[in-house]
Amino acid sequence: MTDTTSDSTAAAPAAETRGFQAEVKQLLHLMIHSLYSHPEIFLRELVSNAADAVDKLKFEALKHPEYYEREPDLRVVVSYDREARTITVRDNGIGMSFDEVVANIGTIAKSGTREFFAQLSGDEAKDARLIGQFGVGFYSSFIVADRVVLVTRRAGLAPAEGVRWESAGEGEYSIERCERAERGTAITLHLREGHDDLLSRHRLAALVRKYSDHIAVPIVMHKEVWDEESKGYKTTAEDETINQASALWARPKQDITDEQYDEFYRHVAHEGTAPLAHLHARIEGRSEYTLLLYIPAVAPFDLWDREHRHGIKLYVRRVFIMDDAGELVPPYLRFVRGIVDSNDLPLNVSREILQESRDVETIRSGLTRRVLDLLESLASDEKEKYATFWSTFGQVLKEGFVDDHGNHDKLAKLVRFASTHGASDVQDVGLADYVARMKDKQEAIYYVTGETYAAAAGSPHLEFFRKKGIEVLILSDRIDEWVAGTLTEFDGKPLRSVAKGALDLAALADSDEKAAQEQEATALKPLTERLARALGERVKEVRVTHRLTDSPACLVVGEGEVSGNLERLLKAAGQKAPTVVPILEINPRHPLVKRIETEPEARVDDWASVLFDEALLAEGAQLPDPAAFVRRLNALVFGADASSGTPTGTTGVGPTSTDAAG
């Protein structure tokens with residue numbers, strides 16, 4: 001079949017030869033030498049790019065109808081030439097100017113380039129799925145081609161403003177201006193040896209139906225008919241549309257297969273793997289719109305950029321408007337991919353209109369509610385899929401506790417934490433699971449926070465709870481401090497930090513323990529007063545605690561005050577943190593505390609400082625003066641003067657009492 005495109009070539013002055021950006025050279029080498037397990041993906045990417053160009057023309061033509069240039073029938077044409085061994089993908093979309101070709105083809109102006117290479121695994125099948133996700137789909141042409149020629153002209157420019165670009169994928173490309181009557185872009189691939197199977201209408205049409213059947217733009221090829229004389233197929237001049245060319249989301253759900261849903265996801269998300277779940281619904285009422293949304297299985301490279309949201313494509317009455325309508329989803333759902341097609345918004349909608357429109361607010365609210373319902377369904381009915389979702393997007397979803405107070409109840413059912421019930425940092429405990437395992441007489445849901453899982457799981461505040469077999473949630477993500485500050489109760493049970501306030505554990509202790517606790521608090525009152533005097537303004541008070549079993553002391557803050565962990569996080573982020581004076585709680589049964597009772601008044605100051613610094617270290621904090629801590633500890637252990645480090649030889653705990661120092 002001969003390519004009949006009129007991509008002519010009346011070249012202006014001699015072509016310029018330019019070198020590729022370093023990342024492009026690396027990418028081309030990868031395409032040519034590594035990603036050969038799925039060579040046909042080049043057609044999926046080129047057709048997808050062509051369809052996007054057609055959509056962009058529709059959008060720009062709303063303000064500039066002259067861009068249609070008396071050619072309103074938009075299409076993508078796939079053709080081949082068996083003798084020349086070429087395949088051409090041509091569209092009459094928006095096209096590119098000279099500068100746009102240089103910017104979009106000569107370089108990869110994408111923030112995800114480095115992440116793209118970082119995620120390569122050496123497994124061609126897995127690596128191939130990354131193409132497109134990072135905006136590098138065009139370069140997949142070099143998987144099957146040893147030379148690629150691109151001819152284009154941007155709509156609205158003069159025919160003399162055409163551009164011809166050519167490269168063999170070996171580090172350089174040539175570019176020149178040329179005469180081109182048609183707007184749009186034509187990409188011709190000169191095939192490498194071994195890919196002649198692609199020079200077949202049947203093969204190309206099958207690939208289009210496999211990968212691009214859902215695309216709403218007509219994808220056409222010339223018809224072929226059987227010729228008795230030559231005993232072969234003969235190409236005719238008649239065009240035939242080989243995809244359904246209707247918006248997938250506009251079709252009845254019962255007419256769409258799971259494979260078609262998955263392939264559409266690959267198109268809108270530029271992702272090679274199937275999604276975890278999808279949601280397809282037509283909403284009628286105050287606002288009428290159709291949505292087709294997906295929950296990905298793999299995180300996009302820019303997941304942590306709250307400002308860069310490109311997951312939702314917006315259509316108005318099936319006319320493409322924009323492909324990064326972040327106003328339609330709250331930031332904590334920025335991982336959602338798909339389309340929203342509104343019947344009510346104006347075709348000339350702008351971002352300013354989106355930000356102010358009541359219809360958009362209605363769509364946003366409805367979309368949010370339905371996505372959370374979909375996740376709740378996954379959590380209850382498909383636990384393995386939800387575990388995959390949570391490990392990938394859980395930290396992002398937690399942002400909803402800060403961003404979206406109206407959906408706290410829904411989010412509380414979806415949130416997952418690690419806990420002392422398990423022995424790992426896997427976040428697989430829901431609040432409903434915790435409540436179901438609560439002890440008799442236990443009135444609260446307990447949690448502990450820390451900068452890392454190890455720091456939180458090793459907190460001395462957990463000692464009493466472990467002794468009593470009471471489960472404690474372990475919150476170690478940075479966002480967890482804010483989650484704990486807004487998620488105050490679940491199922492009527494308050495959430496309480498084990499490191500805040502004077503925990504009322506009386507209901508969980510037996511009568512003998514209660515009596516012993518009261519006696520110890522009374523007996524140690526003189527010691528707590530001595531320690532409080534020694535520590536001065538560093539502590540709010542010193543008191544006896546029964547939340548400790550193995551550690552000599554711990555620090556707690558009052559209810560409603562900022563925890564030590566949150567204070568450190570705020571300071572690390574360069575934000576002002578309120579100054580919180582902690583409470584030092586001591587374990588009346590620990591050998592170190594018993595030893596301090598017998599020490600002379602002159603040494604209590606040093607012991608008090610050591611206790612306080614040990615408690616700071618135990619909760620993951622940095623000591624304000626590490627050298628002073630070491631000096632005091634050595635002095636107390638070896639009987640030296642804490643200020644000079646000179647051994648006294650007469651007092652001190654002695655070398656055999658190092659266990660008492662913590």
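Note that CG of Leu157 and OH of Tyr67 are 7.5 Å apart. Values are rounded to the nearest 0.5 Å. For the atom pair Leu328 CG and Glu361 CD, the distance stands at 10.5 Å (nearest 0.5 Å). In this structure, the separation between CD1 on Ile215 and CD1 on Ile219 is 4.5 Å, given to the nearest 0.5 Å. How far CG of Leu207 is from NE2 of His202: 9.5 Å, rounded to the nearest 0.5 Å. Expressed to the nearest 0.5 Å, how far CG of Asp81 lies from OG1 of Thr86 amounts to 4.5 Å. Separating the OG atom in Ser342 from the CG atom in Leu314 is a distance of 7.0 Å, to the nearest 0.5 Å.
Minimum heavy-atom separation, Arg75 to Val77: CD-CG2, 3.7 Å. When every heavy atom of Ser97 is checked against every heavy atom of Glu100, the shortest pair comes out as N-OE1, 2.8 Å. Between Leu414 and Ala379, the shortest heavy-atom distance links the atoms CD2-CB, 4.5 Å. Among all heavy-atom pairs drawn from Arg18 and Ile175, the shortest one is NE-CG2, 4.2 Å.
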- Check the pair Arg153, Glu69 against salt bridge (Lys or Arg N to Asp or Glu O under 4.0 Å), reporting the backbone distance first and the verdict last. CA-CA 12 Å; Arg153 177 174 66 79; Glu69 300 178 1; 2.8 Å; yes
- Message: Apply side chain to side chain donor-acceptor pair (under 3.5 Å) to residues His222 and Asp239 and explain how you reach the verdict.
- Response: CA-CA 4 Å; His222 288 323; Asp239 285 339; 2.7 Å; yes
- Might you work through the side chain to side chain contact (heavy atoms under 4.5 Å, CB included) test for Thr392 and Val298, ending with a clear yes or no? CA-CA 7 Å; Thr392 307; Val298 179; over 6 Å; no
- Yes or no on salt bridge (Lys or Arg N to Asp or Glu O under 4.0 Å) for Glu263 and Arg209, after CA distance, side-chain angles and deciding distance? CA-CA 10 Å; Glu263 200 52 54; Arg209 292 189 182 103; over 6 Å; no
- Task: Decide yes or no on side chain to side chain contact (heavy atoms under 4.5 Å, CB included) for Lys398 and Tyr332, but give the supporting numbers first.
- Result: CA-CA 7 Å; Lys398 286 178 181 178; Tyr332 73 93; over 6 Å; no
- Run the numbers on Glu238 and Lys223 for salt bridge (Lys or Arg N to Asp or Glu O under 4.0 Å), then give the verdict. CA-CA 6 Å; Glu238 184 181 356; Lys223 274 188 177 181; 3.3 Å; yes
- Item | Candidate pair Asn243 and Ser212, rule side chain to side chain contact (heavy atoms under 4.5 Å, CB included), full reasoning | CA-CA 7 Å; Asn243 66 323; Ser212 308; 5.8 Å; no
- Assess whether side chain to side chain contact (heavy atoms under 4.5 Å, CB included) is satisfied between Val151 and Val163, documenting all intermediate values. CA-CA 6 Å; Val151 183; Val163 183; over 6 Å; no
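For the pair Phe42 and Leu198, the minimum side-chain heavy-atom distance is below 4.5 Å. Side-chain contact between Thr152 and Trp165 is absent, with no heavy atoms from C-beta onward closer than 4.5 Å. Taking the side chain as every heavy atom from C-beta outward, Tyr289 and Asp344 never approach each other to under 4.5 Å. Side-chain contact between Pro275 and Ile295 is absent, with no heavy-atom pair separated by less than 4.5 Å. A heavy-atom distance below 4.5 Å is not found between the side chains of Leu150 and Thr188. Residues Arg164 and Val149 form a side-chain contact, since some pair of their non-hydrogen atoms from C-beta on lies under 4.5 Å apart. At a threshold of 4.5 Å between non-hydrogen side-chain atoms, the residues Pro330 and Thr368 count as touching. Side-chain contact check for Pro296 versus Leu276: every heavy-atom pair is 4.5 Å or farther apart.
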What pairs of donor and acceptor atoms, side-chain ones from residues 51-61 against any protein atom, are under 3.5 angstrom apart with sequence neighbours left out?
unit_1	atom_1	unit_2	atom_2	d
Asp55	OD2	Tyr315	OH	3.4
Glu60	OE1	Arg154	NH1	3.4
Glu60	OE2	Arg154	NH2	3.0

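With ring centers used as reference points, Tyr261 lies 6.0 Å or more from Phe264. For Phe335 and Phe389, the ring centers are positioned less than 6.0 Å apart.
Listed for the Glu161 side chain is no donor-acceptor partner under 3.5 Å among the backbone atoms of Ala158. In this structure, Lys410 contributes its side chain and Arg369 its backbone to no donor-acceptor pair below 3.5 Å. Using a distance-only test at 3.5 Å, with no hydrogens or angles considered, no donor-acceptor pair links the side chain of Asn92 to the main chain of Val76. At distances below 3.5 Å, not a single donor-acceptor pair connects side-chain atoms of Thr290 with backbone N or O atoms of Trp249. Judged by distance alone, the side chain of Asp341 and the main-chain N or O of Arg317 form a donor-acceptor pair under 3.5 Å. For Arg183 (side chain) and Glu71 (main-chain N/O), a donor-acceptor pair under 3.5 Å exists by modelled atom type. Ser391 places a side-chain N or O within donor-acceptor distance of the main-chain N or O of Thr388, the cut-off being under 3.5 Å.
With hydrogens and angles left out, the side-chain atoms of Ser174 and Thr17 include no donor and acceptor closer than 3.5 Å. For the 3.5 Å distance criterion, the side chains of Asp359 and Ser287 qualify, holding a donor opposite an acceptor.
Legend: residues meeting side-chain contact (heavy atoms from CB on, under 4.5 Å) with Glu193, ordered by chain and number and at least two apart, are Arg85.
The aromatic rings of Phe138 and Phe142 stand perpendicular to each other, their planes meeting at an angle above 60°, with 30° marking the opposite boundary.
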